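Computed from a predicted model, the values in this text were never measured in an experiment.
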Amino acid sequence: MSRIGKKEIQIPSGVTVSVEHRVVIVTGPKGKLTHSLRPEIKVEVLDNKIVTSLIKTTKGSTAFWGMTRAIINNMVIGVTSGFEKTLELVGVGYRAKQSTNGVSLTVGYSHPVEFNALEGTSIAVPDEKKIIITGIDKQTVGLTAALIRKIRKPEPYKGKGIRYVDEVVRRKAGKAGKV
């Protein structure tokens, strides 16, 4: 039995949920999200609650049951309040600049790196050391943040690079001095 899959999801006011042809559609004030269901999972909308259950038990069906419930819960949260990830640039001369449909990064390469926002996300640059990614789909927001971070990962000696705001970079000791 999946402990997460058994939990019901409360539907807040202003959000509508429907299940049509094995596809869950969640619509709210911020937008509309869809998710196609696996054949062993059943989703029902019962008086302001979403209930997930198993149709048939297979080897990995309980894991898919919990995952489906978590995805639908994230969809409900996304269409009501949305998701946000914040990145920071650490390093001398590292800076970000807003471009027409994304961000331009100067992070130690011989040229600025242009990154276009994925569909469904928006990128804001409040100052040149901070990047904020927002959107209604948690997976797309996380993917966008990961792709931007991948351009220049934090290195372990000086900590320079692009990192999440709450990320802790483990620092290594440098080379010992000559004796």
Side-chain angles (χ1 to χ4, degrees), residues 2-5 7-15 17 24 26-35 50 52 63-64 66-176:
S2 171
R3 283 185 264 168
I4 295 172
K7 293 181 183 177
E8 298 175 337
I9 303 168
Q10 295 291 330
I11 302 173
S13 61
V15 175
V17 179
V24 178
V26 180
T27 310
K30 291 206 175 237
K32 175 181 173 181
L33 293 172
T34 60
H35 176 69
I50 303 169
T52 58
F64 290 125
M67 181 187 72
T68 302
R69 189 259 181 212
I71 289 172
I72 294 171
N73 188 42
N74 287 337
M75 289 166 62
V76 171
I77 293 169
V79 297
T80 54
S81 58
F83 292 100
E84 177 179 294
K85 289 256 186 201
T86 307
L87 300 170
E88 65 181 349
L89 282 74
V90 177
V92 177
Y94 285 19
R95 60 185 172 272
K97 189 169 61 173
Q98 188 84 39
S99 66
T100 55
N101 56 350
V103 66
S104 175
L105 301 166
T106 306
V107 286
Y109 295 120
S110 62
H111 58 284
V113 179
E114 298 290 330
F115 184 84
N116 295 326
L118 298 179
E119 188 176 335
T121 61
S122 63
I123 298 175
V125 183
D127 62 30
E128 59 183 27
K129 294 285 186 182
K130 199 172 269 192
I131 302 169
I132 299 172
I133 300 124
T134 56
I136 61 172
D137 187 9
K138 186 174 186 178
Q139 183 177 357
T140 310
V141 169
L143 177 65
T144 304
L147 290 174
I148 292 174
R149 182 183 179 274
K150 186 179 171 184
I151 292 170
R152 179 67 92 176
K153 290 183 183 175
E155 54 100 10
Y157 295 102
K158 291 184 180 178
K160 293 170 32 171
I162 303 171
R163 65 172 83 161
Y164 298 109
V165 167
D166 55 352
E167 182 179 4
V168 177
V169 177
R170 290 186 52 193
R171 305 285 293 271
K172 290 182 178 178
K175 190 165 62 170

**Report entry** Side chains of T27 and V79 in contact at under 4.5 Å (non-hydrogen atoms)
**Finding:** no

Query raised in the report: Is the count of non-hydrogen atoms from other residues, nucleotides or ligands lying under 6.0 Å from K158 atom NZ greater than 12?
Result: no

**Report entry** Heavy-atom pair of closest approach, residues K7 and R69
**Finding:**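 The answer is O-NE, 3.4 Å.
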
Query raised in the report: When you measure from the side chain of K130 to the backbone N and O of A96, does any donor-acceptor pair fall under 3.5 Å?
Result: no

Report task. Please report the closest heavy-atom contact between I136 and K30, naming both atoms and the distance. Result -> CG2-CB, 3.7 Å

Query raised in the report: Applying the side chain to side chain contact (heavy atoms under 4.5 Å, CB included) test to L87, which of I131, V165, T144 qualifies?
Result: I131

Requested in this report: Scan T121, D137, I77 and name whichever one has a side chain to side chain contact (heavy atoms under 4.5 Å, CB included) with F83.
Outcome: I77

**Report entry** Distance, nearest 0.5 Å, that separates CD1 of I50 from CD of E8
**Finding:**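 So the gap between those two atoms works out to 10.5 Å.
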
**Report entry** Considering all heavy atoms, the nearest I123-Q98 contact
**Finding:** O-NE2, 2.8 Å

**Report entry** Atom CD of E84 with >12 non-hydrogen neighbours under 6.0 angstrom
**Finding:** yes

Report task. Would you name the heavy atoms of Y94 and G108 that are closest together and state the gap between them? Result ->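 Closest pair (atom of Y94, atom of G108, distance): CE1-N, 3.8 Å.
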
**Report entry** Contact check, side chains of I71 and M75, non-hydrogen atoms, under 4.5 Å
**Finding:**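 Contact flag for I71/M75 side chains = yes.
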
Query raised in the report: If you round to the nearest 0.5 Å, how far is CG of L33 from NZ of K138?
Result: 13.0 Å

**Report entry** Donor-acceptor contact present, side-chain T80 to main-chain V76, <3.5 Å
**Finding:** yes

Query raised in the report: Quick one: does L147's side chain get under 4.5 Å of L118's, heavy atoms only?
Result: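 With C-beta onward as the side chain, the pair touches.
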
Query raised in the report: Taking all atoms of both residues into account, what is the closest heavy-atom pair of I132 and P126, and its distance?
Result: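 Smallest interatomic distance, heavy atoms only, reads CD1-CG, 3.8 Å.
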
Query raised in the report: Do other residues, nucleotides or ligands put more than 12 heavy atoms under 6.0 Å from R95 CZ?
Result: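 No, not enclosed.
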
Report task. Using atom types as modelled and distance alone, determine if a side-chain donor or acceptor of Y109 lies under 3.5 Å from a backbone N or O of R152. Result ->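 Checking the backbone N and O of R152 against the side chain of Y109, no donor-acceptor pair under 3.5 Å is found.
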
Query - Where G66 and I4 come nearest, the two heavy atoms and their spacing - result: O-CG2, 3.9 Å

Query raised in the report: Between S104 and K97, is there a donor-acceptor pair closer than 3.5 Å when you use the side chain of the first and the backbone of the second?
Result: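 Side chain of S104 to backbone of K97: no pair is present.
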
Query - Side-chain heavy-atom pair I148, L105 within 4.5 angstrom cut-off - result: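 Of all side-chain heavy-atom pairs linking L105 with I148, at least one is under 4.5 Å.
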
**Report entry** Polar side-chain atom of R163 near backbone of P154 as donor-acceptor pair, under 3.5 Å
**Finding:** no

